[in-house]
S.K.: 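Take this structure, written in structure tokens, and hold onto it; I'll ask about it next.
Only heavy atoms go into these numbers, but all of them, side chains included; no hydrogens, no water, no symmetry mates.
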Amino acid sequence: MKRFLALALMTVMGSTLTYAAANDKAKLDERLQKATGVLKQLEATPDNGIPDEIAEAAKCVAIVPDLKKAAFVFGGQYGQGFASCRTPEGRWSAPAPIRIAGGSWGFQIGGSSTDIVMVAVNDKGMQDLLASKFKIGADAAAAAGPVGRHAQAGTNWKLDSELLTYSRSKGLFAGISLDGSNVQQNDDDTAALYGHVIPFRSILSGKVAAPDATGKAFQNEVTRYFNRSKTNGK
């Protein structure tokens, strides 16, 4: 009887773990689809997107759909998304899951959800992402990125920042400050996506293939958006 109960308990636990893993993967696929959708929406509105010069210079990109911001006197933000980096061969890597969390001070009441895009525009910004954990504003200098088909004359984004940061809320796309936010590899999502935890650097350096159709769709959309000058034959 005890043996039967033990076997029954093991079966239930196994089924529960399988269901939990499948549920985690379903949420992950949905998040990947949303991140891919953010780029598609940017592609559809080039006059309000990331300038061509910045897209061409991009070393890495991180997309966090539905970043949650809530505040009551003390503000806070938390989100999960994916990063990809341009390899030496010019290809873009498979998605590397990330999480971003941070806080802000100030008397504020309310809450919101927004899509975030971070673009590493030089080697320092790329190395920050490859390190798998950094703080925006402390480890990596960041600035709200310019918007439009082309960066306006006089903008000094090449000199002042490792990361350019953007937000999209209610259909509008604009630069945003994310100083104080911590960005790091999301081990749980990495395990759910690839079957086990893989070092951030291995994924972003192009050593790991996208594991499924959803991951490949994200990778292809990043390639299309940030290699658009080549795609358009410029």
S.K.: Can you see which heavy atom on F218 is nearest to which on A35, and at what distance?
M.R.: CE1-CB, 3.8 Å
S.K.: Looking at side-chain heavy atoms only, is the closest gap between D24 and D188 below 4.5 Å?
M.R.: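 They are not in contact (no side-chain heavy atoms under 4.5 Å apart), so the answer is no.
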S.K.: Stepwise, does the side-chain contact (heavy atoms from CB on, under 4.5 Å) test hold for R91 with T223?
M.R.: CA-CA 7 Å; R91 297 180 291 105; T223 300; over 6 Å; no
S.K.: Measuring from Y166:OH to I63:CD1, what's the distance to the nearest 0.5 Å?
M.R.: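 These two atoms lie 12.5 Å from each other.
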S.K.: Roughly how far, to the nearest 0.5 Å, is CG of L32 from CG of D212?
M.R.: 7.0 Å
S.K.: Taking Y225 for its side chain and I50 for its backbone only, find out whether a donor-acceptor pair lies under 3.5 Å.
M.R.: yes
S.K.: What donor-acceptor contacts under 3.5 angstrom involve side-chain atoms of residues 191-210, with partners at least two apart or in another chain?
M.R.:
residue: Y194; atom: OH; partner: P95; partner atom: O; Å: 2.6
residue: S205; atom: OG; partner: R201; partner atom: O; Å: 2.7
residue: S205; atom: OG; partner: S202; partner atom: O; Å: 3.2

S.K.: Has the side chain of E221 got a donor or acceptor atom that lies under 3.5 Å from a matching backbone atom of G37?
M.R.: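 Here the side-chain-to-backbone pair does not exist.
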S.K.: Kindly state each residue pair satisfying side chain to side chain donor-acceptor pair (under 3.5 Å) with at least one member in residues 28-37, sequence neighbours excluded.
M.R.: K25-D29, R31-D189, K34-D66
S.K.: Under the rule for side-chain hydrogen bond (donor to acceptor under 3.5 Å, both in side chains), what residues qualify as partners of N182, not counting sequence neighbours?
M.R.: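 side-chain hydrogen bond (donor to acceptor under 3.5 Å, both in side chains) check on N182 returns nothing, list empty.
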S.K.: Taking all non-hydrogen atoms of both residues, which atom of P146 and which atom of I54 are closest, and how far apart?
M.R.: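 Closest approach of P146 to I54, heavy atoms only: CG-CD1, 3.5 Å.
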S.K.: Name each donor-acceptor pair under 3.5 Å that joins a side chain in residues 125-138 to protein atoms two or more places apart or in another chain, with its distance.
M.R.:
residue: D128; atom: OD1; partner: K124; partner atom: NZ; Å: 3.0
residue: D128; atom: OD2; partner: K124; partner atom: NZ; Å: 3.1

S.K.: Determine the minimum heavy-atom distance between T114 and S167, stating which atoms define it.
M.R.: OG1-CB, 3.7 Å
S.K.: Nearest 0.5 Å, please: how far is CG in L163 from CG in L178?
M.R.: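 Spacing of CG (L178) from CG (L163) equals 9.0 Å.
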S.K.: For S84, which residues count as a side-chain hydrogen bond (donor to acceptor under 3.5 Å, both in side chains) partner, sequence neighbours excluded?
M.R.: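 side-chain hydrogen bond (donor to acceptor under 3.5 Å, both in side chains) list for S84, sorted by chain: S93.
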S.K.: Could you tell me whether a side-chain N or O of Q80 sits under 3.5 Å from a main-chain N or O of R99, the two making a donor and an acceptor?
M.R.: no
S.K.: Can you check whether A143's main-chain N or O pairs, donor with acceptor, with T165's side chain at less than 3.5 Å?
M.R.: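 A pair under 3.5 Å: yes.
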S.K.: For residues 38-48, which side-chain N or O atoms pair as donor and acceptor with protein atoms under 3.5 Å away, sequence neighbours left out?
M.R.:
residue: Q41; atom: OE1; partner: R168; partner atom: NE; Å: 3.2
residue: Q41; atom: OE1; partner: R168; partner atom: NH1; Å: 3.3
residue: Q41; atom: OE1; partner: R168; partner atom: NH2; Å: 2.8
residue: T45; atom: OG1; partner: Q41; partner atom: O; Å: 3.0
residue: D47; atom: OD1; partner: R149; partner atom: NE; Å: 2.5

